[in-house]
Amino acid sequence: MCGIFGCLTLDGKMPDEKSIYKAVNSLKHRGPDDHGIAKFENLILGHRRLSIIDLTTNAAKQPVVSPISLMAFNGMIYNYKEIKNTLLVSNTFKGDSDTEVLAKSLDQWGLKKTLKTIDGMFAFAWFCKKKRELYLVRDPMGEKPLYWTKIKGKIYFSSEMKSFFAIKEFAKKPNINFIDEYLYTSKISGSKTIYSEINEVEPGQIVKICCRTGSINLSYYFSLENTFYNKNSNLISNKIERLNQYMEESIASRSISDVPFGAMLSGGLDSSLILSYMMKNDNIKKINCYHSNVKNQKLSEYKNAFAVTSFLSKKFSQKKIKLKSKINNFTKYIDLLVKVTKSFDEPVHFFNSPDLLNMVNEASKDGIKVLLSGEGSDELFFGYDQFIRSYESLTKKRSKNFLVEKMYFGGGEHSVDCIKKICAPSKQREKNSASWIWLEKNANSYPVEDLISMFSQKFRMQTLLQRQDRVGMLCGLEIRSPFLSKELVNFANSLKLKDKFKKNSKSTKLILKLMAEEKKLIPSKIIQNKKIGFNSNMTDWLRENKMKILIKKLVNDKNGFFNGYLDGKITVEIINLHFDGKRRLDVLIWRIFAMEVWHRVCGEGDYNFFR
């Protein structure tokens, strides 16, 4: 895992080199092991490396410069060994890295065939010398980030938005026209970001910049919608065998590493399954597992995590498995929130992000450089309670307007009236957001169950993958998601609802549970447990006076975000409604708090005031 930054000059004036070096070094946490900068005519390409594969040669050093192209790459190509074997017919290799394989694939096959062939999480910049064209490319599901901006005749691009802060001409103007979308959904969707001047390369997208004309062309090489066609009509027993095969292959490929690796273990179905498959792998002899715990025992899953490790220790007695659990207190949580906000460059989406950082940081202290995660399973296998509620209500009342609003606002629909009041000074533009437009376009094109999964994978899951990337990179650690392999995504999205959801018992992720039972992968209790989710002590703190005091202090500040851009007075009234127990607005209160923290840590606000 790495960080990339670059600048393509379209106006003939080269950028200030000091600011370029500063921008590249702002990504040092993403790549603490090595760095490099390459120049070609009007292009400067920078790279920071986290060494995971091929530690003994320079074959993975970046940027990669060849007679044909320049490339800077962030991510991991899991099938690089198979691709290398194909390329060996006409190529020689210095080492055994996925970086070298990707660079030679692009030079020999071009962009189109390479993207069809590779399976991985990636974001890269590739410059074709002959065509004088720069391509910014992101993986199909959006696991790795990439941003770009155009400022005074120059195109800048980076793995994180903070790099642009080093550019003198860049202004940290909040994207105020889409702030209501953040309050509704926790993220501005599509190519828009929290900063008005910054664009995000979308999952499966190619941004092509032509040096000769200065034109910018956006296209997609991957369509998530297409994975929902051709529904699988095989017997459930055949589907279970295929699923088992895809799981084994995906976890084996995502366990490739020349550095120590471990697993994230919540105690739920998904992470427990991944750990079980890791234990089955003959090449793995020892695994460290990491768990994030909470004080509230009603919300704690530690006993489940312990039960999983105990079960697998007995089943694989010749292997070692170790479980480590971390818990936050309030002071440490706030300190971690500041750090994770700096890493995100935007308001933190979830209560549990500081808890995730606490856990991943523990793994980093143990020398772990790669963790496997269960992220993506709920989106693929109809795993959320919200999916069930949406499905039941949408199948009863199938009007387009109702469907669009129900899916867009999701679990936050009860706070819509509050958000409209807060955002009254600005124009409310939810109908201009990428996710709203997508729903309007596709509402009548797919079955309800497919729309729910599709929408979640295309938009909601991006917040989870962003959290995973930023937290891992902040600790100099790579987090991989086996459920998001090409084969598993295509397989899961081809399944019928009856394979994922049992209506009479409201059991979700049905095929995963059937497979786990049949193969005796994990304890039956874990398979049958109701999903709890990744909890945080903040769930309780959001009802305590100390949080009320802190949030109101931030919002009441005359230089605060809500006072400066929205309606601070109305915002305080809504905060009082929540803490006085008149309305339960936990998620909205968190987003207000996260926005004020971001304003001071990354935006235009006074950081010292927050401290």
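We find the NZ-CE distance between K520 and M515 to be 14.0 Å, quoted to the nearest 0.5 Å. Between M461 atom CE and E379 atom CD the span is 5.5 Å, to the nearest 0.5 Å. Between the CG atom in D450 and the OH atom in Y229 there is a gap of 9.5 Å [rounded to 0.5 Å]. How far OG of S536 is from CG of N293: 11.5 Å, rounded to the nearest 0.5 Å. In this structure, the separation between CG on L521 and CG on L273 is 6.0 Å, given to the nearest 0.5 Å. The distance from atom CG of N74 to atom OG of S159, rounded to the nearest 0.5 Å, is 4.5 Å.
Between H291 and F306, the gap from one ring centroid to the other reaches at least 6.0 Å. Aromatic rings of F330 and Y333 (six-membered ring for Trp) have centroids beyond the 6.0 Å cut-off, not under it.
No side-chain heavy atom of F593 sits under 4.5 Å from any side-chain heavy atom of L542. The closest side-chain heavy-atom distance from E518 to I240 is below 4.5 Å. Counting heavy atoms from C-beta on, the side chains of K187 and Y182 never come closer than 4.5 Å. In this structure, M547 and M538 have side chains that are in contact, with non-hydrogen atoms separated by less than 4.5 Å. With contacts defined as side-chain heavy-atom distances shorter than 4.5 Å, the pair M121/I77 does not qualify. Looking at K369 and S364, their side chains never come closer than 4.5 Å, going by heavy atoms from C-beta outward. In this structure, Y80 and D96 have side chains that are in contact, with non-hydrogen atoms separated by less than 4.5 Å. With a 4.5 Å cut-off on side-chain heavy atoms, L371 and R480 do not count as touching.
Of the N and O atoms on the side chains of S271 and S266, at least one donor lies less than 3.5 Å from an acceptor on the other residue. With no hydrogens or angles considered, no side-chain donor-acceptor pair links S485 and E249 at under 3.5 Å. Between the side chains of R242 and Q245, no donor-acceptor pair is found at a separation under 3.5 Å. Residues W436 and E405 have side chains that never bring a donor and an acceptor to within less than 3.5 angstrom of each other. With 3.5 Å as the limit, one finds no donor-acceptor pair spanning the side chains of N288 and K324. Between the side chains of E449 and S453, no donor N or O sits under 3.5 Å from an acceptor N or O. In this model, a donor atom of one side chain and an acceptor atom of the other lie less than 3.5 Å apart for Y277 and N244. Q297 and K303 share no side-chain donor-acceptor pair at under 3.5 Å.
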(request) Could you go through the side-chain contact (heavy atoms from CB on, under 4.5 Å) check for N545 and F579 one step at a time? (result) CA-CA 8 Å; N545 196 49; F579 283 102; over 6 Å; no

(message) Does E517 form a side chain to side chain donor-acceptor pair (under 3.5 Å) with Q528? I'd like the steps, not just the answer.
(response) CA-CA 10 Å; E517 287 279 15; Q528 301 306 326; 3.2 Å; yes

(request) Apply the test side-chain contact (heavy atoms from CB on, under 4.5 Å) to residues F228 and Q457: give CA-CA distance (whole Å), side-chain angles for both, the deciding distance (0.1 Å), then the verdict. (result) CA-CA 12 Å; F228 285 82; Q457 291 174 39; 3.8 Å; yes

(request) Take H349 and F344 through the ring pair (Phe, Tyr, Trp, His ring centres under 6.0 Å) test and state the conclusion after the steps. (result) CA-CA 9 Å; H349 314 117; F344 276 42; 5.5 Å; yes

(request) Starting from the C-alpha separation in whole Å, work towards a yes-or-no answer on side chain to side chain donor-acceptor pair (under 3.5 Å) for E346 and Q466. (result) CA-CA 11 Å; E346 60 184 357; Q466 180 179 339; 2.5 Å; yes

(request) Take M247 and F491 through the test side-chain contact (heavy atoms from CB on, under 4.5 Å) and record every step on the way to the result. (result) CA-CA 11 Å; M247 289 290 291; F491 172 77; over 6 Å; no

(request) Go through K116 and Y221 one step at a time and tell me if the side chain to side chain donor-acceptor pair (under 3.5 Å) criterion holds. (result) CA-CA 8 Å; K116 280 186 177 180; Y221 68 90; over 6 Å; no

(request) Could you check E487 against S250 for side chain to side chain donor-acceptor pair (under 3.5 Å), going step by step and ending with a plain yes or no? (result) CA-CA 8 Å; E487 289 80 6; S250 181; over 6 Å; no

(message) Under the criterion salt bridge (Lys or Arg N to Asp or Glu O under 4.0 Å), I'd like the reasoning laid out for K280 against E248: C-alpha separation, chi angles, the key distance, then a yes or no.
(response) CA-CA 9 Å; K280 286 173 65 177; E248 286 182 340; 2.9 Å; yes

(request) Start with the C-alpha gap between F387 and S456, add the side-chain angles, then the distance that decides, and say whether side-chain contact (heavy atoms from CB on, under 4.5 Å) holds. (result) CA-CA 9 Å; F387 284 8; S456 183; 3.4 Å; yes

(request) Dump the intermediate steps for salt bridge (Lys or Arg N to Asp or Glu O under 4.0 Å) on R30 and D469, then the final yes or no. (result) CA-CA 10 Å; R30 297 188 69 92; D469 171 80; 2.9 Å; yes

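Within a 6.0 Å sphere centred on CG of N226, other residues, nucleotides and ligands contribute more than 12 heavy atoms. Heavy atoms of other residues, nucleotides or ligands lying less than 6.0 angstrom from NZ of K396 number 12 at most. Within a 6.0 Å sphere centred on NZ of K315, other residues, nucleotides and ligands contribute more than 12 heavy atoms. Within 6.0 Å of atom NZ in K342, 12 or fewer heavy atoms from other residues, nucleotides or ligands are found, so the atom counts as exposed in its surroundings. Around the NZ atom of K406, the shell of radius 6.0 Å holds more than 12 heavy atoms that belong to other residues, nucleotides or ligands. Other residues, nucleotides and ligands contribute over 12 non-hydrogen atoms within 6.0 Å of the NZ atom of K531. Other residues, nucleotides and ligands place more than 12 heavy atoms under 6.0 Å from the NZ atom of K231.
A salt bridge does not link E241 to K239: none of the charged nitrogens lies less than 4.0 Å from a carboxylate oxygen. E375 and R467 are joined by a salt bridge, as a carboxylate oxygen and a charged side-chain nitrogen come within less than 4.0 angstrom of each other. Using a 4.0 Å cut-off between charged side-chain N and carboxylate O, K81 and D98 make no salt bridge. Using a cutoff of 4.0 Å between basic side-chain nitrogens and carboxylate oxygens, K509 and D499 are not scored as salt-bridged. A salt bridge is defined here as a Lys NZ or Arg NE, NH1 or NH2 lying under 4.0 Å from an Asp or Glu carboxylate O, and R254 with D119 meets this definition.
When all heavy atoms of G533 and E301 are compared, the closest pair comes out as O-OE1, 3.5 Å.
Cation-pi geometry between R138 and F122 is not satisfied (NZ or CZ under 6.0 Å from the ring centre, within 45° of the ring normal).
For the pairing with S415, the side chain to side chain contact (heavy atoms under 4.5 Å, CB included) check across V587, I589, L585 returns one residue only, L585. Tested against V294 for a side chain to side chain contact (heavy atoms under 4.5 Å, CB included), the candidates T539, D355, D540, N535 yield a single pass: N535. Checking each of Q462, E181, K458 against S435 for a side chain to side chain contact (heavy atoms under 4.5 Å, CB included) leaves exactly one that passes, namely E181.
Between F455 and F459, the ring-plane angle classifies as tilted under the 30° and 60° cut-offs.
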